[in-house]
Amino acid sequence: MALLPILCYPDSRLHKVAKPVETVDARIKTLIADMLETMYDANGIGLAATQVDVHERLIVIDTSEQRDQPLVLINPELTWTSAGKHLNDEGCLSVPGIYDGVERFDAVKVTALDGDGRSRSVEADGLLAVCIQHEMDHLMGKVFVEYLSPLKRNRIKTKMLKQLKEANA
């Protein structure tokens with residue numbers, strides 16, 4: 001297993017739309033293991049392949065307290081969303097240190113392949129539902145800050161570019 005570099009906003013690669021995973025093979029299983037290790041190391045609860053510069057429809061999530069219940073979703077598709085929505089404070093490993101409110105569906109149902117290539121269906125509410133929607137946005141090339149006002153987005157972009165410049169100095 002290996003830690004993968006996480007792309008940071010406003011990196012243009014975060015806006016690439018991911019392609020479906022063709023086969024769940026040894027390469028994908030290695031990628032899943034590396035993504036989980038990377039997510040846990042960064043203290044995240046979700047990571048999309050897009051965030052590690054792999055543009056395939058794969059996300060890993062673990063919202064458990066013990067951090068021992070990984071959920072792997074390959075080629076996820078939302079099949080149902082609740083009527084209700086609410087505002088959640090969200091953060092992102094690609095936008096470190098930034099948290100802001102994003103409106104999401106209260107509950108969702110998603111179908112996907114698991115890490116062994118078996119079809120599965122997951123019904124989620126609460127934090128898991130928010131996390132699934134957030135990570136699926138990444139697969140569509142969307143970062144959560146794009147839900148914010150242009151003013152907030154520009155402030156975040158300026159802050160992130162400044163941090164990048166300081167890190168490379």
Side-chain angles (χ1 to χ4, degrees), residues 4-21 35-36 38-65 67 69-112 121-167:
L4 304 170
I6 298 172
L7 300 176
C8 283
Y9 181 81
D11 192 307
S12 62
R13 294 172 288 179
L14 288 168
H15 300 294
K16 282 188 179 180
V17 175
K19 296 189 177 348
V21 171
M35 285 175 61
L36 284 167
T38 301
M39 178 187 73
Y40 289 132
D41 183 72
N43 292 316
I45 59 169
L47 187 67
T50 301
Q51 294 175 271
V52 294
D53 204 19
V54 176
H55 303 282
E56 294 180 75
R57 294 186 56 78
L58 165 63
I59 59 180
V60 296
I61 294 172
D62 190 342
T63 58
S64 69
E65 287 287 323
R67 316 287 289 139
Q69 295 174 36
L71 174 65
V72 175
L73 299 173
I74 299 170
N75 300 332
E77 298 293 334
L78 281 179
T79 56
W80 175 84
T81 57
S82 64
K85 292 182 173 185
H86 66 280
L87 200 62
N88 306 280
D89 234 18
E90 290 187 27
C92 181
L93 294 177
S94 291
V95 195
I98 304 293
Y99 299 87
D100 213 316
V102 176
E103 190 174 65
R104 301 278 188 190
F105 292 106
D106 293 329
V108 296
K109 185 174 181 181
V110 63
T111 57
S121 181
V122 176
E123 292 183 33
D125 60 9
L127 181 59
L128 181 57
V130 170
C131 194
I132 287 171
Q133 292 170 81
H134 176 107
E135 300 308 331
M136 286 184 69
D137 274 354
H138 278 299
L139 300 180
M140 297 307 298
K142 190 168 189 173
V143 181
F144 89 96
V145 298
E146 292 171 49
Y147 288 101
L148 307 178
S149 71
L151 177 63
K152 280 187 178 181
R153 203 168 42 249
N154 284 333
R155 284 184 179 161
I156 292 167
K157 185 176 182 179
T158 300
K159 182 177 182 175
M160 297 303 296
L161 289 170
K162 183 180 176 191
Q163 287 176 358
L164 180 64
K165 193 175 185 178
E166 288 170 357

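Numbering starts at 1 and runs along the sequence shown.
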Practice task
Might you work through the side-chain contact (heavy atoms from CB on, under 4.5 Å) test for Ile59 and His138, ending with a clear yes or no?
Solution key: CA-CA 9 Å; Ile59 59 180; His138 278 299; over 6 Å; no
Exercise for the section: Just do the side-chain contact (heavy atoms from CB on, under 4.5 Å) check on Val110 and Met136 with the steps written out, would you? Expected result: CA-CA 10 Å; Val110 63; Met136 286 184 69; 4.1 Å; yes
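Of the possible polar contacts, none joining the Glu56 side chain to the Ala49 backbone as a donor-acceptor pair under 3.5 Å is found. Side-chain atoms of Ser94 never come within 3.5 Å of backbone atoms of Gln51 as a donor-acceptor pair (strictly under, hydrogens ignored). The backbone N or O of Val60 lies less than 3.5 Å from no partner atom in the side chain of Asp62, so there is not a single donor-acceptor pair.
Between Pro70 and Leu36, the shortest heavy-atom distance links the atoms CB-CD2, 3.6 Å. In terms of heavy-atom proximity, Lys109 sits nearest to Ser121 at CE-OG, 3.0 Å. Smallest separation of non-hydrogen atoms from Ala107 and Ala129: CA-CB, 4.2 Å. Minimum interatomic distance between Arg67 and Ser64 (heavy atoms only, all atoms of both residues): N-OG, 3.0 Å. Contact record, Ala112 with Pro76: CB-CA, 3.8 Å, taken as the closest heavy-atom pair. In this structure, Cys8 and Pro96 approach most closely via the heavy-atom pair SG-CD, 4.1 Å.
Here the side chains of Leu127 and Asn88 are not in contact, with every heavy-atom distance at 4.5 Å or above. Between Val54 and Leu4 there is no side-chain heavy-atom pair separated by less than 4.5 Å. Counting heavy atoms from C-beta outward, Met35 and Thr38 have side chains that stay 4.5 Å or more apart.
Every residue two or more places apart in sequence or in another chain was checked for a side-chain contact (heavy atoms from CB on, under 4.5 Å) with Ser12, and none qualifies. Annotation: salt bridge (charged side-chain N to carboxylate O under 4.0 Å, His left out) contacts of Lys16 (sequence neighbours excluded): none. Here Glu65 pairs with nothing under the side-chain contact (heavy atoms from CB on, under 4.5 Å) rule; sequence neighbours left out. With sequence neighbours left out, the side-chain contact (heavy atoms from CB on, under 4.5 Å) criterion links Asp53 to Leu7, Arg13, His55. Legend: residues meeting side-chain contact (heavy atoms from CB on, under 4.5 Å) with Ala18, ordered by chain and number and at least two apart, are Thr50, Arg57, Leu139.
Listed by first and then second residue, the salt bridge (Lys or Arg N to Asp or Glu O under 4.0 Å) pairs that reach into residues 126-149 are Arg104-Asp137, sequence neighbours excluded. The salt bridge (Lys or Arg N to Asp or Glu O under 4.0 Å) contacts involving residues 93-102 comprise Asp100-Lys152, where partners must be two or more places apart or lie in separate chains. Annotation: side chain to side chain donor-acceptor pair (under 3.5 Å) contacts involving residues 69-81, sequence neighbours excluded, are absent.
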Ignoring hydrogens and angles, write down the donor-acceptor pairs under 3.5 Å from the side chains of residues 155-164, residues two or more places apart or on other chains.
from   : atom 1 : to     : atom 2 : distance (Å)
Thr158 : OG1    : Asn154 : O      : 2.9

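Once rounded to the nearest 0.5 Å, the distance linking CZ of Phe144 with CZ of Arg153 reads 11.5 Å. Interatomic distance, CD1 of Ile132 versus OG1 of Thr63, reported as 8.5 Å (0.5 Å rounding).
Looking at Leu73, Leu47, Val72 one by one, the single match for side chain to side chain contact (heavy atoms under 4.5 Å, CB included) with Leu58 turns out to be Val72.
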